[in-house]
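Quick notes on the structure that follows.
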Amino acid sequence: MSTAAQEKSVYEQMGGEPAMAAAVEVFYRKVLSDERISHFFEDVDMERQASKQKAFLTMVTGGPSSYSGKDMRAGHAHLVKRGLNDGHFDAVVEHLRSTLEELGVAAPLVARVLAIAGGARADVLNR
Amino acid sequence: MSMTHVKHESKWYPLEPEESVLDGLLRQGVAVPNSCRAGACQSCLMRATSGDVPDAARVGLKDTLRAQGYFLACVCKPVAGTRLEVSGADALRVAARIESVSPLSPSVLRVRLSTAAPLDYRAGQYVSLLREDGLARSYSLASLPREGLLELHVRRIPGGLMSGWLSEHARAGDAVSVQGPAGSCFYVPGRFEQPLLLAGTGTGLAPLYGIVRDALESGHTGPIWLFQGARTPEGLYLTDELRELARRHSGFHYRPSVLTGGSRDVAEGALDVLIRAECPRPAGFRAFLCGDSGLVLSLRKKLFLSGLSLKDLHADVFLPSTPRAEASGAR
(Lines give C-alpha, C1' and ligand atoms only; values in the text may rest on other atoms or scores of the structure.)
Protein backbone atom coordinates (compact mmCIF):
# COMPACT_ATOMS: atom_id res chain seq x y z
CA MET A 1 0.00 0.00 0.00
CA SER A 2 1.38 3.38 -0.93
CA THR A 3 1.67 6.22 1.54
CA ALA A 4 -0.54 8.36 -0.69
CA ALA A 5 -3.41 5.91 -0.31
CA GLN A 6 -3.00 5.77 3.46
CA GLU A 7 -2.89 9.51 3.93
CA LYS A 8 -6.28 10.99 4.72
CA SER A 9 -7.46 14.15 3.01
CA VAL A 10 -7.59 17.37 5.02
CA TYR A 11 -11.36 17.05 4.69
CA GLU A 12 -11.32 13.71 6.50
CA GLN A 13 -8.77 14.87 9.05
CA MET A 14 -10.91 17.91 9.87
CA GLY A 15 -13.96 15.74 10.47
CA GLY A 16 -15.77 15.57 7.14
CA GLU A 17 -19.18 17.07 6.44
CA PRO A 18 -20.10 18.23 9.97
CA ALA A 19 -16.82 20.13 10.19
CA MET A 20 -17.47 21.76 6.81
CA ALA A 21 -20.97 22.81 7.94
CA ALA A 22 -19.43 24.53 10.96
CA ALA A 23 -16.60 26.04 8.96
CA VAL A 24 -18.83 27.50 6.27
CA GLU A 25 -20.75 29.62 8.81
CA VAL A 26 -17.55 31.08 10.25
CA PHE A 27 -16.01 31.60 6.81
CA TYR A 28 -19.13 33.06 5.18
CA ARG A 29 -19.68 35.46 8.10
CA LYS A 30 -16.13 36.76 7.64
CA VAL A 31 -16.60 37.17 3.90
CA LEU A 32 -19.93 39.01 4.27
CA SER A 33 -18.53 41.32 6.95
CA ASP A 34 -15.51 42.36 4.87
CA GLU A 35 -16.25 45.68 3.20
CA ARG A 36 -13.62 45.04 0.54
CA ILE A 37 -15.60 42.10 -0.87
CA SER A 38 -19.09 42.05 0.67
CA HIS A 39 -20.59 44.00 -2.24
CA PHE A 40 -20.03 40.99 -4.50
CA PHE A 41 -22.49 39.10 -2.27
CA GLU A 42 -25.13 41.82 -1.84
CA ASP A 43 -27.84 40.49 -4.12
CA VAL A 44 -27.39 36.76 -3.73
CA ASP A 45 -29.58 34.23 -2.02
CA MET A 46 -27.82 33.54 1.30
CA GLU A 47 -28.78 29.88 1.47
CA ARG A 48 -27.55 29.15 -2.03
CA GLN A 49 -24.40 31.15 -1.50
CA ALA A 50 -23.69 29.31 1.75
CA SER A 51 -24.05 25.98 -0.03
CA LYS A 52 -21.62 27.18 -2.69
CA GLN A 53 -19.18 28.23 0.02
CA LYS A 54 -19.52 24.77 1.49
CA ALA A 55 -18.83 23.15 -1.88
CA PHE A 56 -15.78 25.38 -2.20
CA LEU A 57 -14.46 24.46 1.25
CA THR A 58 -15.11 20.79 0.54
CA MET A 59 -13.14 21.02 -2.67
CA VAL A 60 -10.13 22.84 -1.26
CA THR A 61 -9.88 20.42 1.65
CA GLY A 62 -9.88 17.45 -0.71
CA GLY A 63 -13.36 16.17 0.07
CA PRO A 64 -15.91 14.70 -2.34
CA SER A 65 -16.65 17.51 -4.74
CA SER A 66 -17.98 18.04 -8.21
CA TYR A 67 -16.59 21.57 -8.42
CA SER A 68 -14.54 21.95 -11.60
CA GLY A 69 -12.38 24.66 -13.09
CA LYS A 70 -15.04 25.18 -15.76
CA ASP A 71 -17.70 25.83 -13.07
CA MET A 72 -15.35 28.25 -11.32
CA ARG A 73 -14.88 30.23 -14.52
CA ALA A 74 -18.55 30.35 -15.40
CA GLY A 75 -19.56 31.09 -11.80
CA HIS A 76 -17.26 34.11 -11.49
CA ALA A 77 -17.37 35.63 -14.99
CA HIS A 78 -20.07 38.14 -14.03
CA LEU A 79 -18.04 39.21 -10.99
CA VAL A 80 -14.90 39.71 -13.07
CA LYS A 81 -16.96 42.10 -15.20
CA ARG A 82 -17.79 43.94 -11.98
CA GLY A 83 -14.09 44.29 -11.15
CA LEU A 84 -13.18 41.12 -9.24
CA ASN A 85 -9.36 41.13 -8.97
CA ASP A 86 -6.35 39.64 -7.17
CA GLY A 87 -6.93 41.86 -4.13
CA HIS A 88 -10.41 40.41 -3.64
CA PHE A 89 -9.13 36.89 -4.18
CA ASP A 90 -6.42 37.46 -1.55
CA ALA A 91 -9.04 38.74 0.91
CA VAL A 92 -11.08 35.55 0.55
CA VAL A 93 -7.96 33.40 0.99
CA GLU A 94 -7.13 35.40 4.12
CA HIS A 95 -10.58 34.61 5.58
CA LEU A 96 -10.10 30.97 4.67
CA ARG A 97 -6.80 30.93 6.56
CA SER A 98 -8.21 32.57 9.68
CA THR A 99 -11.29 30.31 9.62
CA LEU A 100 -9.18 27.16 9.53
CA GLU A 101 -6.87 28.51 12.23
CA GLU A 102 -9.81 29.40 14.47
CA LEU A 103 -11.15 25.88 14.08
CA GLY A 104 -7.81 24.47 15.23
CA VAL A 105 -6.64 22.95 11.95
CA ALA A 106 -2.91 22.14 12.15
CA ALA A 107 -0.57 24.52 10.33
CA PRO A 108 0.69 22.03 7.70
CA LEU A 109 -2.92 21.21 6.75
CA VAL A 110 -3.82 24.90 6.54
CA ALA A 111 -0.87 25.39 4.21
CA ARG A 112 -2.07 22.53 1.99
CA VAL A 113 -5.59 23.94 1.81
CA LEU A 114 -4.32 27.43 0.96
CA ALA A 115 -2.12 25.97 -1.78
CA ILE A 116 -5.15 24.26 -3.36
CA ALA A 117 -7.27 27.42 -3.01
CA GLY A 118 -4.45 29.47 -4.59
CA GLY A 119 -4.53 27.08 -7.55
CA ALA A 120 -8.04 28.24 -8.34
CA ARG A 121 -6.94 31.85 -8.85
CA ALA A 122 -6.69 31.74 -12.65
CA ASP A 123 -10.10 30.08 -12.99
CA VAL A 124 -11.84 32.44 -10.53
CA LEU A 125 -10.37 35.53 -12.20
CA ASN A 126 -11.04 34.12 -15.68
CA ARG A 127 -7.45 34.40 -16.87
CA MET B 1 -33.63 25.28 -33.45
CA SER B 2 -36.71 23.15 -32.93
CA MET B 3 -39.62 24.61 -31.03
CA THR B 4 -40.89 23.49 -27.68
CA HIS B 5 -44.50 22.33 -27.45
CA VAL B 6 -46.72 21.85 -24.45
CA LYS B 7 -49.85 19.71 -24.59
CA HIS B 8 -52.64 20.78 -22.27
CA GLU B 9 -56.12 19.20 -22.38
CA SER B 10 -55.56 17.51 -25.74
CA LYS B 11 -54.24 20.61 -27.52
CA TRP B 12 -50.62 21.44 -28.36
CA TYR B 13 -49.28 24.95 -27.64
CA PRO B 14 -45.92 26.20 -28.98
CA LEU B 15 -43.59 28.09 -26.60
CA GLU B 16 -41.41 30.99 -27.67
CA PRO B 17 -37.66 30.58 -26.97
CA GLU B 18 -36.95 31.23 -23.25
CA GLU B 19 -40.67 31.36 -22.48
CA SER B 20 -41.96 29.57 -19.38
CA VAL B 21 -44.73 26.99 -19.59
CA LEU B 22 -46.96 29.35 -17.57
CA ASP B 23 -46.33 32.39 -19.77
CA GLY B 24 -46.81 30.37 -22.95
CA LEU B 25 -50.11 28.88 -21.83
CA LEU B 26 -51.46 32.19 -20.50
CA ARG B 27 -50.42 33.97 -23.70
CA GLN B 28 -52.47 31.49 -25.69
CA GLY B 29 -55.54 31.82 -23.51
CA VAL B 30 -55.22 28.81 -21.20
CA ALA B 31 -56.36 29.59 -17.63
CA VAL B 32 -53.64 28.45 -15.23
CA PRO B 33 -53.82 29.50 -11.56
CA ASN B 34 -50.75 31.55 -10.67
CA SER B 35 -49.63 34.24 -8.29
CA CYS B 36 -45.99 35.04 -7.46
CA ARG B 37 -44.50 33.88 -10.79
CA ALA B 38 -41.17 33.41 -9.04
CA GLY B 39 -41.25 29.74 -8.08
CA ALA B 40 -42.30 30.36 -4.49
CA CYS B 41 -46.06 30.29 -3.95
CA GLN B 42 -46.69 27.02 -5.83
CA SER B 43 -50.05 28.25 -7.13
CA CYS B 44 -49.08 27.24 -10.69
CA LEU B 45 -48.23 23.66 -9.81
CA MET B 46 -48.73 21.32 -12.79
CA ARG B 47 -48.03 17.70 -13.48
CA ALA B 48 -45.92 16.45 -16.39
CA THR B 49 -47.50 13.30 -17.80
CA SER B 50 -44.80 12.87 -20.43
CA GLY B 51 -41.65 14.74 -21.45
CA ASP B 52 -38.85 16.26 -19.37
CA VAL B 53 -38.91 19.37 -17.20
CA PRO B 54 -35.69 21.03 -15.98
CA ASP B 55 -34.63 20.51 -12.35
CA ALA B 56 -35.07 24.24 -11.72
CA ALA B 57 -38.83 23.77 -12.15
CA ARG B 58 -38.92 21.42 -9.15
CA VAL B 59 -36.91 23.42 -6.63
CA GLY B 60 -38.70 23.58 -3.27
CA LEU B 61 -41.22 20.82 -4.04
CA LYS B 62 -41.73 17.94 -1.67
CA ASP B 63 -40.18 14.65 -2.78
CA THR B 64 -43.64 13.09 -2.94
CA LEU B 65 -44.73 15.73 -5.47
CA ARG B 66 -41.53 15.38 -7.51
CA ALA B 67 -42.04 11.64 -7.68
CA GLN B 68 -45.48 12.20 -9.21
CA GLY B 69 -44.11 14.52 -11.88
CA TYR B 70 -45.25 17.84 -10.42
CA PHE B 71 -43.39 21.03 -11.35
CA LEU B 72 -43.82 24.81 -11.18
CA ALA B 73 -45.03 26.16 -14.52
CA CYS B 74 -43.79 29.73 -13.85
CA VAL B 75 -40.12 28.70 -13.66
CA CYS B 76 -40.29 25.85 -16.16
CA LYS B 77 -38.40 26.66 -19.37
CA PRO B 78 -38.06 23.30 -21.12
CA VAL B 79 -35.04 22.52 -23.29
CA ALA B 80 -35.69 23.58 -26.89
CA GLY B 81 -37.46 20.90 -28.84
CA THR B 82 -39.09 19.29 -25.79
CA ARG B 83 -42.60 17.91 -26.21
CA LEU B 84 -44.19 18.13 -22.80
CA GLU B 85 -47.66 16.89 -21.86
CA VAL B 86 -49.12 18.44 -18.72
CA SER B 87 -52.19 18.35 -16.54
CA GLY B 88 -53.34 20.64 -13.76
CA ALA B 89 -53.03 20.09 -10.04
CA ASP B 90 -56.71 19.52 -9.31
CA ALA B 91 -55.86 16.33 -7.43
CA LEU B 92 -53.93 18.36 -4.86
CA ARG B 93 -56.77 20.78 -4.14
CA VAL B 94 -59.26 20.44 -1.38
CA ALA B 95 -62.74 21.92 -1.60
CA ALA B 96 -63.39 24.65 0.96
CA ARG B 97 -66.01 27.21 1.85
CA ILE B 98 -65.80 30.66 3.31
CA GLU B 99 -67.08 30.72 6.88
CA SER B 100 -66.51 34.39 7.63
CA VAL B 101 -64.74 37.53 6.48
CA SER B 102 -64.17 40.25 9.07
CA PRO B 103 -61.81 43.21 9.46
CA LEU B 104 -58.81 42.89 11.81
CA SER B 105 -57.73 46.47 11.00
CA PRO B 106 -58.54 49.01 8.28
CA SER B 107 -56.13 47.21 5.96
CA VAL B 108 -56.30 43.54 7.00
CA LEU B 109 -59.15 41.02 6.68
CA ARG B 110 -59.54 37.85 8.71
CA VAL B 111 -60.84 35.11 6.41
CA ARG B 112 -61.95 31.83 7.94
CA LEU B 113 -62.41 28.72 5.80
CA SER B 114 -63.68 25.23 6.39
CA THR B 115 -62.35 22.40 4.24
CA ALA B 116 -64.16 19.30 3.00
CA ALA B 117 -61.31 17.17 4.34
CA PRO B 118 -58.82 18.10 7.08
CA LEU B 119 -55.74 19.87 5.72
CA ASP B 120 -52.47 18.41 7.02
CA TYR B 121 -50.28 21.44 7.79
CA ARG B 122 -47.94 23.03 10.34
CA ALA B 123 -48.69 26.42 11.88
CA GLY B 124 -46.79 29.00 9.84
CA GLN B 125 -47.13 27.32 6.44
CA TYR B 126 -49.04 28.90 3.57
CA VAL B 127 -51.67 27.79 1.09
CA SER B 128 -52.99 28.92 -2.25
CA LEU B 129 -56.58 30.10 -2.12
CA LEU B 130 -58.41 29.53 -5.40
CA ARG B 131 -61.63 31.17 -6.38
CA GLU B 132 -64.01 29.09 -8.52
CA ASP B 133 -62.87 30.85 -11.71
CA GLY B 134 -59.24 29.89 -11.03
CA LEU B 135 -58.00 33.19 -9.57
CA ALA B 136 -55.27 32.19 -7.09
CA ARG B 137 -53.31 33.95 -4.36
CA SER B 138 -51.22 32.48 -1.61
CA TYR B 139 -51.70 33.37 2.04
CA SER B 140 -50.05 32.29 5.25
CA LEU B 141 -52.10 30.38 7.77
CA ALA B 142 -52.61 32.07 11.14
CA SER B 143 -54.52 29.11 12.58
CA LEU B 144 -53.38 25.94 14.31
CA PRO B 145 -54.33 22.55 12.83
CA ARG B 146 -56.30 21.65 15.98
CA GLU B 147 -58.55 24.68 15.45
CA GLY B 148 -60.36 23.11 12.52
CA LEU B 149 -61.09 26.28 10.56
CA LEU B 150 -58.28 27.72 8.48
CA GLU B 151 -57.56 31.38 9.21
CA LEU B 152 -55.92 33.70 6.67
CA HIS B 153 -54.94 37.34 7.14
CA VAL B 154 -55.48 39.14 3.86
CA ARG B 155 -54.07 42.58 3.22
CA ARG B 156 -56.43 44.77 1.23
CA ILE B 157 -54.60 45.88 -1.88
CA PRO B 158 -56.04 48.81 -3.85
CA GLY B 159 -57.27 47.20 -7.07
CA GLY B 160 -56.35 43.76 -5.74
CA LEU B 161 -58.46 41.08 -7.41
CA MET B 162 -58.61 38.53 -4.60
CA SER B 163 -58.54 40.95 -1.65
CA GLY B 164 -61.11 43.17 -3.35
CA TRP B 165 -63.39 40.21 -3.97
CA LEU B 166 -62.97 38.97 -0.41
CA SER B 167 -63.67 42.35 1.16
CA GLU B 168 -66.62 43.34 -1.04
CA HIS B 169 -68.30 40.32 -2.56
CA ALA B 170 -67.40 37.09 -0.81
CA ARG B 171 -70.10 35.72 1.49
CA ALA B 172 -70.22 32.96 4.06
CA GLY B 173 -70.89 29.72 2.22
CA ASP B 174 -69.08 30.69 -0.99
CA ALA B 175 -67.19 27.76 -2.49
CA VAL B 176 -63.43 28.10 -2.96
CA SER B 177 -60.58 25.62 -2.93
CA VAL B 178 -57.28 25.42 -1.15
CA GLN B 179 -54.01 23.98 -2.38
CA GLY B 180 -51.04 23.23 -0.22
CA PRO B 181 -49.62 23.59 2.31
CA ALA B 182 -46.15 24.85 1.37
CA GLY B 183 -43.28 26.58 3.12
CA SER B 184 -40.77 25.61 5.77
CA CYS B 185 -41.26 28.46 8.22
CA PHE B 186 -42.75 26.52 11.14
CA TYR B 187 -41.94 25.44 14.68
CA VAL B 188 -40.40 22.02 15.20
CA PRO B 189 -40.73 20.76 18.79
CA GLY B 190 -37.42 20.18 20.52
CA ARG B 191 -34.66 22.30 22.07
CA PHE B 192 -37.40 23.71 24.32
CA GLU B 193 -35.05 26.09 26.17
CA GLN B 194 -33.74 27.77 23.01
CA PRO B 195 -34.70 31.46 22.75
CA LEU B 196 -36.99 32.18 19.78
CA LEU B 197 -36.99 35.42 17.86
CA LEU B 198 -39.95 36.18 15.58
CA ALA B 199 -40.21 39.31 13.46
CA GLY B 200 -42.65 40.36 10.79
CA THR B 201 -44.32 43.28 9.10
CA GLY B 202 -47.88 43.60 7.83
CA THR B 203 -49.63 40.27 7.41
CA GLY B 204 -46.28 38.63 8.11
CA LEU B 205 -47.82 38.49 11.56
CA ALA B 206 -50.18 35.69 10.41
CA PRO B 207 -47.66 32.82 10.34
CA LEU B 208 -45.85 34.21 13.40
CA TYR B 209 -49.12 34.25 15.36
CA GLY B 210 -49.52 30.56 14.55
CA ILE B 211 -45.88 29.74 15.32
CA VAL B 212 -45.92 31.50 18.72
CA ARG B 213 -49.03 29.67 19.83
CA ASP B 214 -47.72 26.38 18.45
CA ALA B 215 -44.46 26.79 20.40
CA LEU B 216 -46.26 27.74 23.62
CA GLU B 217 -48.68 24.81 23.31
CA SER B 218 -45.78 22.44 22.55
CA GLY B 219 -44.23 23.37 25.90
CA HIS B 220 -41.46 25.69 24.78
CA THR B 221 -39.76 27.04 27.91
CA GLY B 222 -37.14 29.40 26.46
CA PRO B 223 -37.92 33.11 26.00
CA ILE B 224 -39.98 33.96 22.90
CA TRP B 225 -39.67 37.43 21.38
CA LEU B 226 -42.21 38.67 18.84
CA PHE B 227 -41.47 41.90 16.99
CA GLN B 228 -44.40 43.22 14.96
CA GLY B 229 -43.53 46.10 12.65
CA ALA B 230 -45.66 48.59 10.73
CA ARG B 231 -45.24 52.05 9.26
CA THR B 232 -47.89 53.60 11.50
CA PRO B 233 -50.03 52.37 14.44
CA GLU B 234 -52.95 51.71 12.03
CA GLY B 235 -50.81 49.00 10.42
CA LEU B 236 -50.67 46.96 13.64
CA TYR B 237 -53.37 44.40 14.43
CA LEU B 238 -54.13 41.65 16.97
CA THR B 239 -52.29 43.79 19.51
CA ASP B 240 -54.83 43.14 22.30
CA GLU B 241 -54.73 39.37 21.74
CA LEU B 242 -50.94 39.35 21.75
CA ARG B 243 -50.69 41.50 24.89
CA GLU B 244 -53.11 39.11 26.57
CA LEU B 245 -50.98 36.15 25.45
CA ALA B 246 -47.91 37.87 26.92
CA ARG B 247 -49.73 38.41 30.23
CA ARG B 248 -50.51 34.70 30.43
CA HIS B 249 -46.99 33.54 29.48
CA SER B 250 -44.13 35.24 31.30
CA GLY B 251 -41.60 33.92 28.77
CA PHE B 252 -43.39 35.53 25.83
CA HIS B 253 -42.36 39.10 25.02
CA TYR B 254 -44.49 41.01 22.53
CA ARG B 255 -42.98 44.16 20.99
CA PRO B 256 -45.17 46.09 18.54
CA SER B 257 -43.31 48.86 16.73
CA VAL B 258 -43.87 51.54 14.14
CA LEU B 259 -41.69 53.83 12.07
CA THR B 260 -43.73 56.91 13.03
CA GLY B 261 -46.39 57.56 15.64
CA GLY B 262 -45.03 55.51 18.55
CA SER B 263 -46.57 55.73 22.00
CA ARG B 264 -46.14 54.41 25.53
CA ASP B 265 -47.23 50.95 24.35
CA VAL B 266 -45.74 50.94 20.86
CA ALA B 267 -42.03 51.41 20.21
CA GLU B 268 -40.90 53.76 17.46
CA GLY B 269 -37.99 53.04 15.16
CA ALA B 270 -36.53 50.62 12.62
CA LEU B 271 -37.25 47.00 13.40
CA ASP B 272 -33.61 45.86 13.25
CA VAL B 273 -32.56 48.57 15.70
CA LEU B 274 -35.27 47.51 18.16
CA ILE B 275 -34.33 43.86 17.80
CA ARG B 276 -30.67 44.66 18.47
CA ALA B 277 -31.63 46.66 21.57
CA GLU B 278 -33.79 43.86 23.03
CA CYS B 279 -31.80 40.87 21.80
CA PRO B 280 -28.22 42.10 21.54
CA ARG B 281 -26.66 38.63 21.36
CA PRO B 282 -28.89 36.38 19.25
CA ALA B 283 -26.25 33.65 18.70
CA GLY B 284 -27.94 30.37 19.60
CA PHE B 285 -31.47 31.68 18.96
CA ARG B 286 -33.95 30.22 16.50
CA ALA B 287 -35.49 32.91 14.30
CA PHE B 288 -38.62 33.20 12.14
CA LEU B 289 -38.93 36.16 9.77
CA CYS B 290 -41.99 36.88 7.61
CA GLY B 291 -43.24 39.70 5.44
CA ASP B 292 -41.87 42.28 3.05
CA SER B 293 -38.93 40.88 1.08
CA GLY B 294 -36.49 43.75 1.57
CA LEU B 295 -36.92 43.72 5.32
CA VAL B 296 -36.83 39.94 5.69
CA LEU B 297 -33.68 39.51 3.60
CA SER B 298 -31.87 42.34 5.36
CA LEU B 299 -32.88 41.06 8.82
CA ARG B 300 -31.79 37.56 7.91
CA LYS B 301 -28.36 38.80 6.94
CA LYS B 302 -27.99 40.94 10.06
CA LEU B 303 -29.01 38.07 12.33
CA PHE B 304 -26.62 35.69 10.57
CA LEU B 305 -23.76 38.17 10.91
CA SER B 306 -24.54 38.62 14.60
CA GLY B 307 -24.10 34.90 15.15
CA LEU B 308 -27.40 33.14 14.43
CA SER B 309 -26.79 29.90 12.59
CA LEU B 310 -28.26 29.52 9.08
CA LYS B 311 -29.93 26.27 10.09
CA ASP B 312 -31.84 28.18 12.80
CA LEU B 313 -32.99 30.94 10.45
CA HIS B 314 -36.43 30.41 8.93
CA ALA B 315 -37.63 33.11 6.58
CA ASP B 316 -40.78 33.41 4.51
CA VAL B 317 -40.54 36.24 2.02
CA PHE B 318 -43.93 37.56 0.90
CA LEU B 319 -43.84 38.13 -2.83
CA PRO B 320 -46.42 40.32 -4.52
CA SER B 321 -48.45 38.56 -7.17
CA THR B 322 -47.37 39.72 -10.61
CA PRO B 323 -50.16 38.85 -12.98
CA ARG B 324 -50.20 39.82 -16.63
CA ALA B 325 -52.17 43.00 -17.24
CA GLU B 326 -53.96 42.82 -13.93
CA ALA B 327 -53.81 45.00 -10.85
CA SER B 328 -51.54 43.38 -8.30
CA GLY B 329 -52.50 41.47 -5.19
CA ALA B 330 -50.26 40.08 -2.49
CA ARG B 331 -50.04 37.72 0.42
Side-chain angles (χ1 to χ4, degrees), chain A residues 14-58 63 65-68 70-71 74-75 78-79 82 88 91-92 94-96 98-104, chain B residues 36-41 54-62 72 74-75 182-186 188 191 194 197 199 272 276 280-319:
Chain A
M14 278 181 66
E17 196 280 336
M20 286 305 125
V24 73
E25 294 230 344
V26 177
F27 175 59
Y28 188 30
R29 237 175 238 126
K30 286 176 190 290
V31 168
L32 276 183
S33 311
D34 183 341
E35 284 176 16
R36 292 172 295 174
I37 49 180
S38 61
H39 59 281
F40 289 113
F41 301 90
E42 274 308 317
D43 303 324
V44 299
D45 178 327
M46 278 179 60
E47 310 262 343
R48 275 180 60 191
Q49 187 61 34
S51 68
K52 283 185 192 169
Q53 298 280 2
K54 190 169 162 188
F56 169 73
L57 286 177
T58 302
S65 169
S66 57
Y67 239 57
S68 70
K70 192 180 155 211
D71 294 335
H78 66 293
L79 298 180
R82 281 169 55 190
H88 303 126
V92 172
E94 192 185 309
H95 293 310
L96 179 58
S98 65
T99 300
L100 296 171
E101 286 173 352
E102 265 178 56
L103 294 173
Chain B
C36 80
R37 303 169 72 88
C41 78
D55 288 342
R58 294 192 162 137
V59 169
L61 293 188
K62 285 189 284 195
L72 299 172
C74 70
V75 286
S184 55
C185 199
F186 52 77
V188 178
R191 295 186 290 163
Q194 185 180 31
L197 192 164
D272 63 310
R276 202 176 328 130
R281 299 175 62 83
F285 280 46
R286 199 182 329 175
F288 301 89
L289 312 171
C290 297
D292 169 71
S293 66
L295 181 96
V296 165
L297 296 178
S298 126
L299 267 184
R300 178 161 79 162
K301 188 159 159 185
K302 283 174 177 150
L303 289 170
F304 172 67
L305 289 176
S306 58
L308 229 141
S309 178
L310 275 179
K311 70 176 173 5
D312 282 328
L313 263 168
H314 309 281
D316 190 1
V317 173
F318 284 19
L319 298 167

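In what follows, every chain begins at residue 1, and chains take the letters A, B, ... in the order their sequences are listed. We use all heavy atoms of the structure for the numbers below, so side chains are in, but hydrogens, waters and symmetry mates are not.
When all heavy atoms of A:E25 and B:K311 are compared, the closest pair comes out as OE2-N, 4.0 Å.
B:L308 contributes atom CG, which lies 8.0 Å from atom CZ of A:R29 (distance to the nearest 0.5 angstrom).
Heavy atoms from other residues, nucleotides or ligands lying under 6.0 Å from CZ of B:R191 number more than 12. Crowding of A:R82 atom CZ: a count of heavy atoms from other residues, nucleotides or ligands under 6.0 Å exceeding 12.
With a threshold of 4.5 angstrom between heavy atoms, B:K301 approaches chain A through its backbone and through its side chain.
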